[in-house]
J.: 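Have a look at the structure that comes next, please.
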Amino acid sequence: MKINYKSGIGSMICIAIVSVLGFLLHDGFKVNDELRIPGLMRLLNPNDGMWKNAGYTDDLENETVQLQGPIGDIRIYYDDRLVPHIFADNDMDALFAQGYIEAKHRLWQMDFMSRLASGRLSEVLGEKTLQRDIMMRKYALDYGAEIAIKKWKEFPNQIKKISNYNNGVNAFINQIENGNAPLPVEFKLANYTPQEWKEIDGALISKYMAFTLCRSHNDIGLTNVKNLLGEEIYKELYPERNPKQVPVAAEDVSEYFPQLSRSKPIDVDYTEKALKGLSTNNAFRGIGSNNWAISSNKSKTGNPILANDPHLQLSLPSIWYELHIVTPTINAHGVSIPGVPGVIIGFNEEIAWGSTNVGQDVLDLYTIDWVNEEKTKYELDGQIKEVKVIPKTIKVKRQADYNYNMKITDFGPIMYETDDPETPDLAVQWIVHQSPDYSEANIFFEAMQCKDYDCFSAATKQFHSPAQNLIFADRDGDIGIRISGNLPIKYEGEGRLVKKGNSLKNKWINFIPRDGNPQTLNPARGFVSSANQTSASADYPYYYNGRFEHYRGRRINDLLSNSISKLDKENMFDFQLDAYSIRASELLPLLTKEVEKKYLSDEGKTILNELMTWDYNYDSESKGPSYFESWIDHFKVLVWDEMNVDPEIPMNEPKDWVLTLLMQNDRTHPIFDIKKTETIENLPELVNMAFINMMNEMKDKNDHTWGSINGVQINHLINIPGFSKQELKVNGCADALNATRGGFGPSWRMVVELGEKPKAYGVYPGGQSGNPLSPYYDNMIEDWANGNYNEIELIKDESHFKNNNLFTETLTSTNE
Amino acid sequence: MNKLLAVALIIALHLIFNQFLPWWNIALASAIAVMITRIRKSLSFLIPAITVAALWGIWMFILDQKTGFYISQRIAKLFEAQGILSFAIPVAGAFIISGFSGLAGNLLLNTFKKTVVIENQMNLDDYKESQEDLKEKGIL
């Protein structure tokens, strides 16, 4: 039998072409180190490619989905912003439905956040995210999450609620696996599929919030200042309290527990050489939040009003998901973080609540004295102790695994390691690695059922971390604010500097009883407020330190205290959108008065004139803010040259309010001398040098308006430009109430007026759908940028939604 | 007739395969349809290529049209390109993959069809031989 070899070879060539092309178009290929083309045919084919994702989450068609899990029928009505109104006959079904719809709209985001927190991005995104994973693993959030879950399991009722939420998430994942729902776009792009949602995933998302909000510490930077620049500079330029600031709990009513105190151990501070080669990776300027509530007496309508706008990293999909939950015991509306049950910031018929970050320092560092080369044994209280070594692996897509050992000391995990032989490794004691007292995952689900302050206070009292200024108002007129979170009892100054890890006495072990946390209820001034400033006044019995904001709190208090007439919701909107900077109003006059005007060019005179007529409002069309920010930045580089000698030796720069005091009180302070020059400089010289540097910088920029310079952007979580919104021109700056800066800003603006029926207004810079191909992905950004709000009605009558909705989704049980 | 049958078969097989195979089932559908309908030469490339490309183009157009032509723009944004590329890339890919698969099917058939021809040839030879035998024997 003969074969036609010519045809055979031809067919083999065709098969080879199809195979190679098919593989490249399915799996993608690397062009160079920077660019990898994804599998275009896998993504763009009309059967199961991205086209399939069109309209899935917002197809406007009523549907009934049969699932394992619900007890009864759950009705979900989507309104014209794709906000779901969940009607369930019991709380467990409400939790199931929340899990299901959050997965339906935000599954990839939830998966991403869990991976980000635990340092597992490289497993699906490849080597590009390996350094980020390694950095995240240093914070050992998975270690903290496992400790938390162990505690949660001591509360079977609570863990059951978490399970029900997770069952809802997994019910949607099953829908994908069964082909009843398309795989979200980003899974297709990165070519992987979701895994079963477990308790650890939700715990990791909570821990990531703690990473964002309470990892900040000054220990390394201040230790270097003290050890290299001397104690005098340390004491003078780094005071702990700004006398102009009014604390959160201005009229504190917390209990005092005199039996609890802590004295400073002997020889605790690390006083040796500089700590080199350690990246401090602190939180960014701009992260923070505002909240306030006014009493009936200050309100035009006689109804208390609560406002809250948390400032976080702005992203697409947005960190928040808006929803309304109705059960026989709940009627609450607000925003949740996908992956965490309940409404975190919101309101019900009786109360409204919100939060800002506390900023207290709950992360301390300890030097470890290794006694062996393998760095597994260390000296502690005169004895040799062995670290607990946990082998860990980071899987990397298309690359070899990255293996490392996590080492746990008596203080906590080793977080900082350096190649510098004279810099010790540092272990971290961090609240995130401590066991909570309670299953805090459901705290907000419980709080949203409350009707008064006592209930809300009891529900949120056990909140663990990151500590929050939880604000409250109810329709009976009560307003209050409480610092909620686990806060350690410290000796005076503890946690400001790196401590020696040679004794367990150096470690904090006790916590302030929750009733001892600062709190205020119905203060005489008629309002409560917070903006990440200090928690309590000087007479508060427990010492605390941290990273506090110095201007926004003052601005809110000024606006709320100084208003002659009573306030209404419109005032609240104006305050949230306020772009006035106290920082600029205090610093700029001190700069302009030092300028040698006679030497200025015409251009310089124009700029100076712009600055001198500027009203300190960071309007996007104004040029004044751009000139001021550039000028002050150049000025600080010259003033704080002592702190920036060696990039390998991080040192904190003093705060701007300290600089203001220096400029006011001591124009010839030695700090104004530039160390590397032979001459001795003073304040006026530095101001004028900085002005010239500012002018030179501005010459390179075409557009000097603040909107262009500030560059507010909302990036997709993995920075896909086509799925991001960039170069948004919005008002505000980091220290204005409208705290916009780069990729940060008000992530949810909410104003609630309580009364017979609550009237609420809210907006966030994103959209309800996490699907980048949906019109509901970013549809609220324009309103957010323009300062518009959506009106939110709290309607319990289901028939209203039956006639007024985009579409209805009914989840029914297959449990028969 | 064969050509129409091939078009129908490609579409039918592709839609069936879509239920359990990824997009590359267009290659299988094209090759099998060509082999069954025995379309030859350049048509074995062109018919699958045009059929699948057109099917995908129409399919995507319908999906896009349902969203008010929004989805193609959003997909193109991902690649920082014009909306038409959302169509052009998959259509071009489908054209090439299906075309070469159809051609492969035809050539594969020819590879062994030749064998069949040879076998037939041998049979023919046998037949001729037997005819000659019969002539020699004076039967014919």
Side-chain angles (χ1 to χ4, degrees), chain A residues 1-27 37-56 58-60 179 185-186 188-189 191 716 720-725 771-775 777-778, chain B residues 14-15 18-19 22-27 30-31 45 55-64 66-68 70-72 74-81 85-87 89-91 93-94 96-119 122:
Chain A
M1 193 172 73
K2 288 181 183 174
I3 293 174
N4 184 339
Y5 287 104
K6 203 174 163 186
S7 293
I9 291 167
S11 66
M12 289 303 119
I13 291 171
C14 288
I15 290 170
I17 290 170
V18 169
S19 304
V20 171
L21 213 55
F23 177 78
L24 293 176
L25 290 172
H26 185 80
D27 207 43
I37 304 286
L40 292 172
M41 293 292 273
R42 181 173 50 75
L43 291 172
L44 297 176
N45 79 81
N47 181 48
D48 60 2
M50 297 204 293
W51 299 88
K52 195 83 174 180
N53 295 75
Y56 171 67
D58 41 81
D59 52 11
L60 316 183
V185 168
E186 291 92 340
K188 287 179 179 173
L189 276 170
N191 201 9
H716 181 265
I720 297 173
F723 292 169
S724 306
K725 283 270 182 186
N771 175 9
L773 306 178
S774 163
Y777 172 70
D778 52 10
Chain B
H14 177 41
L15 295 180
N18 268 347
Q19 306 306 311
W23 67 273
W24 48 255
N25 72 67
I26 55 172
S30 301
F45 181 94
L55 174 69
W56 277 26
I58 294 165
W59 194 350
M60 290 186 288
F61 180 82
I62 293 167
L63 291 172
D64 198 26
K66 274 186 182 173
T67 66
Y70 178 80
I71 185 87
S72 57
R74 295 298 289 217
I75 291 174
K77 266 187 89 177
L78 170 65
F79 302 104
E80 296 179 82
L85 273 180
S86 308
F87 291 96
I89 292 170
V91 164
I96 295 167
I97 299 273
S98 302
F100 276 107
S101 302
L103 192 59
N106 176 42
L107 291 171
L108 207 58
L109 203 64
N110 283 348
T111 309
F112 299 103
K113 196 178 168 187
K114 200 71 180 175
T115 310
V116 175
V117 170
I118 290 164
E119 278 171 2
M122 288 167 73

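Bear in mind that the values here come from a model prediction, so they are computed numbers and not experimental data.
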J.: Between A:Leu40 and chain B, with a heavy-atom cut-off of 4.5 Å, which part of the residue counts as in contact: side chain, backbone, both or neither?
T.: side chain

J.: Looking at chain B, which one of A:Asn45, A:Val18, A:Ile9, A:Asn47 has the largest number of heavy-atom pairs inside 4.5 Å, strictly under?
T.: A:Asn47

J.: Which heavy-atom pair separates B:Arg74 from A:Phe723 by the least distance, and what is that distance?
T.: O-CE2, 4.1 Å

J.: So, does A:Arg42 use its side chain to make a donor-acceptor pair with the main chain of A:Asp27 at under 3.5 Å?
T.: no

J.: With a 4.5 angstrom heavy-atom cut-off, could you sort out which part of B:Ile62 is near chain A: side chain, backbone, both or neither?
T.: neither

J.: Tell me, for A:Ile17 versus chain B, whether the close heavy atoms (under 4.5 Å) come from the side chain, the backbone, both or neither.
T.: side chain

J.: Can you tell which part of B:Ala31 gets under 4.5 Å to a heavy atom of chain A, answering side chain, backbone, both or neither?
T.: neither

J.: Provide the closest heavy-atom pair for B:Leu107 versus A:Gly10 in the form atom of the first, atom of the second, distance.
T.: CD1-C, 3.4 Å

J.: Aromatic rings B:Trp59 and B:His14: how do their planes relate, parallel, tilted or perpendicular, breaks at 30° and 60°?
T.: perpendicular

J.: Which one of A:Gly49, A:Gly22, A:Ser11 has the most heavy-atom pairs closer than 4.5 Å to chain B?
T.: A:Ser11

J.: Would you mind checking which part of B:Trp24 comes under 4.5 Å of any heavy atom in chain A, side chain (CB onward), backbone (N, CA, C, O), both or neither?
T.: side chain

J.: For A:Leu189, is it the side chain, the backbone, both or neither that has a heavy atom under 4.5 Å from a heavy atom of chain B?
T.: side chain

J.: Mind ranking B:Phe87, B:Phe100, B:Tyr70 by heavy-atom pairs under 4.5 Å with chain A and telling me who comes out on top?
T.: B:Tyr70

J.: Does B:Trp23 reach the side chain of A:Leu25, with side-chain heavy atoms less than 4.5 Å apart?
T.: yes

J.: Return the minimal non-hydrogen interatomic distance between B:Ala94 and B:Ile26, and the atom names on each side.
T.: CA-CD1, 3.9 Å

J.: Could you look at A:Ile15 and say if it's the side chain, the backbone, both or neither that has a heavy atom under 4.5 Å from chain B?
T.: both

J.: Counting heavy-atom pairs under 4.5 Å with chain B, which one of A:His26, A:His716, A:Met50 comes out on top?
T.: A:His26

J.: Determine the minimum heavy-atom distance between A:Trp51 and A:Leu44, stating which atoms define it.
T.: NE1-O, 2.8 Å

J.: Starting at CG of B:Asn25, measure out to OG of B:Ser30 and round the result to the nearest 0.5 Å.
T.: 9.0 Å

J.: Flag the one option from B:Asn106, B:Leu103, B:Ile75, B:Val91 with the top tally of heavy-atom pairs under 4.5 Å to chain A.
T.: B:Ile75

J.: Select one option (side chain, backbone, both, neither) describing which atoms of A:Tyr5 are under 4.5 Å from chain B's heavy atoms.
T.: neither

J.: Which bit of B:Ser72 is near chain A, if near means a heavy-atom gap under 4.5 Å: side chain, backbone, both or neither?
T.: both

J.: Do you know which of A:Pro38, A:Gly722, A:Pro46 has the most heavy-atom pairs with chain B at a distance under 4.5 angstrom?
T.: A:Pro46

J.: Are side-chain heavy atoms of A:Tyr777 and A:Lys725 found at a separation under 4.5 Å?
T.: no

J.: For residues A:Gly8 and B:Thr111, report the shortest heavy-atom separation together with the two atoms involved.
T.: N-OG1, 3.0 Å

